[in-house]
Amino acid sequence: MFFKQVRRNAAKNRKGNGLFFGSLVTAIIAFYTLLSLGELDVMHFLSTIESDAVQKLMALLPLVYAVSLFFVFFLVYFACRYQIDSRRRELGIYLMLGMRRGRLFLMLFCETLWSSVISLMIGLPAALFVTEGISLSSAKIVGLGIIGHRFSFSPNAVFWTVCGFVLVQLLSMFILCIGIAKKEPAEFFQAGDVKKQAAVSGLRSTLCFAAGLGFLLYAYCLGMFRLHSLRLTVVCSILVFGISGTFLLYRGLGGMFGLYIRAKSKHAAGLQIFTARQVQENVLSQHRSLAISSLLLLMALACISYGISMGFGRSSDKRSVDISLFGTEEQVDAVLKQDGVREMVQDSFPMYLSMIKRGDFHGGDRKVDISGLADALDALTKSGMRTFEQSDLIENIIENLHIDYVIAQSSYNHMLQSMGKEELQISDGQAAIYTSMGNDGDFGLIWQEVLEGNVSIGIDGEAYELLPDLCMDNVVADRAITLYLALIVPDDLYRELAEEPGAYCWNVRLSDRVVEEAGLMRAIQDMEGLLDQTEGLTTEDPTEDPTEDPTENPTENPTENVAVTSAGIEYDSYLGGIGRNLFYTVAASYLTIYLGVLFWLIANTVIGVKYLIGQRETKHRYETLSMLGAHTSSMCVSVNRQIQLYFSLVLVTAIVSSAVAIYSMFTSFTRLPVGVSVGKVSLLAVLGLVIFAGLEILYISIVRRMADREIRMLQTTKE
């Protein structure tokens, strides 16, 4: 009988509080998707090329899991509190009928465990479905393809998901039972009392509101104009003024709302004043909860926008070359004609890249006079507003300014053609600037701005106009090989300037058919396997640290990274450089979007539960309105309006703050790589905002239905 009652009560709670039951299921899905990160196809692939970075990420997951448990605890606590509050009379009847408090608590704990089991039975299969979808979609996006995909199930993730979820459920119920233990049975039959708020004068409210608004504006200014320095004092000031400003703003918002009501009271009709006063009282009594919810929504929007934008920005870099072979033309030709290799190759071409011959400029330096570039960079520091970091970078560029390498136009154009891009049009008396560091923060932006100023350089005493576009597509497959600056010139001029006019390497691009069938990454791995089996061919592990800043060693020779051996020829592949980039894409996008969803879920749960609890505490007011002749439909309209205003007060502040936060992130310490379409990234951000708005509307509509049901239950009780 006892366990039958437990199951019946648990089913009743789930039916009456479906919104929060859904929130708990979502939390389970979030836990599992986090803990099963290592089972994704992308992570399995990354572990083969970036094992150290993947191991560090996996070591970080327990910390993220612990932080998630901390936040989910509040979600579960508020959901359980609302359920307990809705059962006050039921619990009082149990005690009046003689049930011991220990047995009552045991019943509540058993109900919690049973609800946890039902939630897990629904949440875990849904989590498996979600993780499989994420694994397949991420593999498709990064080019792994779906061939060879295996269904992933992580017992370890299931175990810690179950343990964490049950732990926060039982802990929340234990804390609530402590409060129940202090109450006498008669107290459960009393209507909840509205919390008395300390009287706040209009002047004090105005001062709090003005101070909060001022603090927020100051935090916004620091974020937009000073955050790029990343100084500890600036970051701490933004946090202190931003958080304090949010709390002060909501602390004074109730008084400001009262002034608005008094101004509009003469023209109000129906329940408009009642609606406004209810919202005002909610703001006064729940201003701390509103501030916390607004800050959580701010973090949610910032995390989700960051994850979407950075994930797209890092993964949108179009590949230029799949394989670079180093050897003589005869050796490379023999390799490419072998069975298996020939069928996978769509295009191959020599990359003519060489150091520039010595000249007479600057005491025996190269044959290129770059004084025009130095003058343009110097003028750049004197024009317009520059941040400290930009000015420091420009000075560093001027100090290390040199062009030691030259690239043949035909090779670069062949590469652009294979990528489907427009070829470079270099006329007589023209040249183009190339760098493989164009995606590194402000470096590419500075050079792009310099080249737009009609700059010229000298080559063998003749002036050459530089094209206004900066060339940044990788000329070799391995991204660990860097060129600080190089010139792209017509082939005739290349032969005059090149110290070694022969081909630096032979670039290979795989067949589109093979890539489409197997996925880019697996196709390259298959090609590497064929090359490893080729007689006389050895692979090479570049010794250069790809994280090293080339500006610190601008004279580095890229040919030192790859050497021709007596045993045969060597190769580098696209995988050699994309692994770390792909790792940051997965880590940044996956974790930040996960945290964003978690913050959004908790913030909305806090807002919704706080409102519904407040409505239940003031239900006698609706009973009084009904006695005075108010229709149920009118009271429902009033409640719906209250919910809209209540949520809007939180959302407006959160959206404004998140817009400033996102702008500050992407104009200071986080930059999209040069060449990434800002329009596409913005479109994705807008799409994310639309999804966010849709989910908010859905959440608000569910809260409205629950509130309407409470009002209609009052009418039913009256009848």
What are the two closest heavy atoms between [X] and [Y], and how far apart are they?
{"X": "D322", "Y": "L510", "answer": "OD2-N, 2.7 Å"}
{"X": "I403", "Y": "I356", "answer": "O-CD1, 3.7 Å"}
{"X": "S354", "Y": "E499", "answer": "OG-N, 3.2 Å"}
{"X": "V489", "Y": "A431", "answer": "CG1-CB, 4.0 Å"}
{"X": "L595", "Y": "V64", "answer": "CD2-CG1, 4.3 Å"}
{"X": "Q331", "Y": "T328", "answer": "OE1-N, 3.0 Å"}

| message | Between E500 and M355, is the side-chain contact (heavy atoms from CB on, under 4.5 Å) condition met? List the steps. | response | CA-CA 7 Å; E500 298 179 359; M355 297 190 72; over 6 Å; no
| task | For the residue pair H414 and F349, categorise the inter-ring angle as parallel (less than 30°), tilted (30 to 60°) or perpendicular (more than 60°). | result | parallel
| query | Which of parallel (below 30°), tilted (30 to 60°) and perpendicular (above 60°) describes H402 and Y484? | reply | parallel
| For D369 and I457, what are the C-alpha separation, side-chain angles and deciding distance, and is it a side-chain contact (heavy atoms from CB on, under 4.5 Å)? | CA-CA 6 Å; D369 183 3; I457 61 173; over 6 Å; no
Whether [X] side chain and [Y] backbone form a donor-acceptor pair below 3.5 Å:
{"X": "N507", "Y": "V475", "result": "yes"}
{"X": "S348", "Y": "V508", "result": "no"}
{"X": "R509", "Y": "S418", "result": "yes"}
{"X": "E462", "Y": "I459", "result": "no"}
{"X": "S436", "Y": "N474", "result": "no"}
{"X": "D333", "Y": "E329", "result": "no"}

| query | More than 12 foreign heavy atoms under 6.0 Å from CD of E343: is that the case here? | reply | yes
| Does the side-chain contact (heavy atoms from CB on, under 4.5 Å) test come out yes or no for V321 and V476, once each step is laid out? | CA-CA 6 Å; V321 179; V476 291; over 6 Å; no
| said: So, using side chain to side chain contact (heavy atoms under 4.5 Å, CB included) as the criterion, who are the partners of R342 when residues are at least two apart? | reply: D339
| Partners of S456 by side chain to side chain contact (heavy atoms under 4.5 Å, CB included), sequence neighbours excluded? | E465
Drop me the distance from [X]'s [atom1] to [Y]'s [atom2], to the nearest 0.5 angstrom.
{"X": "L530", "Y": "I323", "atom1": "CG", "atom2": "CD1", "answer": "10.0 Å"}
{"X": "L325", "Y": "L531", "atom1": "CG", "atom2": "CG", "answer": "6.0 Å"}
{"X": "L416", "Y": "C471", "atom1": "CG", "atom2": "SG", "answer": "7.5 Å"}
{"X": "Q409", "Y": "Y494", "atom1": "CD", "atom2": "OH", "answer": "13.5 Å"}
{"X": "T33", "Y": "L35", "atom1": "OG1", "atom2": "CG", "answer": "8.0 Å"}
{"X": "W447", "Y": "I433", "atom1": "CH2", "atom2": "CD1", "answer": "6.0 Å"}

| For D492, all residues meeting side chain to side chain donor-acceptor pair (under 3.5 Å), sequence neighbours excluded | R495
| message | Holding to side chain to side chain donor-acceptor pair (under 3.5 Å), I want the full list of residues that pass it with D375, two or more places apart in sequence or in another chain. | response | none
| Pairwise side-chain contact, I488 with L424, heavy-atom cut-off 4.5 Å (strictly under) | yes
| Close side-chain approach of L401 and L373, heavy atoms under 4.5 Å | yes
Report yes or no: do [X] and [Y] form a side-chain donor-acceptor pair below 3.5 Å?
{"X": "N156", "Y": "S154", "result": "no"}
{"X": "D491", "Y": "S410", "result": "yes"}
{"X": "D572", "Y": "S324", "result": "no"}

| said: Would I426 and L467 count as a side-chain contact (heavy atoms from CB on, under 4.5 Å) here? Give the steps. | reply: CA-CA 8 Å; I426 303 179; L467 297 183; 3.8 Å; yes
| field | Qualifying residues under ring-ring contact (aromatic ring centres under 6.0 Å, His included), relative to Y594, sequence neighbours excluded | value | none
| message | Just to verify, what does Y65 make a ring-ring contact (aromatic ring centres under 6.0 Å, His included) with, not counting sequence neighbours? | response | F31
